[in-house]
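Before any comments, here is the structure.
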Amino acid sequence: MQGVTVFSKFKKLKGLEGYKIQKLRDTDLKKYNKLLIKAILDAHHTFNVIQSGGEIEKIPSPMMKAVKKINGMFKKEGSKSTWTS
């Protein structure tokens with residue numbers, strides 16, 4: 001099993017000393033595992049977006065996705081039914 005956690009501390013990546021994140025290329029990352037490469041490339045993208053004045057899109061958590069789906073089901077039901085008094 002492999003994983004990348006947001007709770008870990010910063011570590012130096014051997015082989016990338018002296019590189020600037022904005023100048024990293026896929027070929028510089030070949031010796032790392034695919035999850036670490038994905039995390040590094042995501043950091044590279046985030047850096048470039050922020051440097052150009054953009055904002056990073058917030059990705060909803062799995063819990064928020066479930067809440068939105070449930071809310072959507074109730075909204076659909078409420079629009080179909082008619083209430084009589």
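Values below: all heavy atoms of this structure, side chains included; hydrogens, waters and symmetry mates excluded. Bear in mind the structure is a predicted one, so any value in this text is a computation, not a measurement.
- With values rounded to the nearest 0.5 angstrom, Leu41 atom CG is found 8.0 Å from Leu24 atom CG.
- Atom-to-atom distance recorded for His44:NE2 and Arg25:CZ is 9.0 Å, nearest 0.5 angstrom.
- More than 12 heavy atoms of other residues, nucleotides or ligands sit less than 6.0 Å from atom CD of Gln22.
- A distance of 7.5 Å separates CG of Leu29 from OH of Tyr32, quoted to the nearest 0.5 Å.
- Looking at Gln51, its side chain never comes within 3.5 Å of a backbone N or O of Val49 through a donor-acceptor pair.
- The NZ atom of Lys65 sits 7.5 Å away from the CD1 atom of Ile59 when rounded to the nearest 0.5 Å.
- Once rounded to the nearest 0.5 Å, the distance linking NZ of Lys31 with CG of Leu16 reads 7.0 Å.
- In this structure, Asn48 contributes its side chain and His45 its backbone to no donor-acceptor pair below 3.5 Å.
- Hydrophobic clustering of Ile, Leu, Val, Met, Phe, Trp and Tyr side chains at less than 4.5 Å, counting indirect connections, unites Phe47 with Leu36.
- The heavy-atom pair separating Glu17 from Lys14 by the smallest distance is OE2-CA, 3.5 Å.
- In this structure, CD1 in Ile37 is found 13.5 Å from CG in Asp42, a value given to the nearest 0.5 Å.
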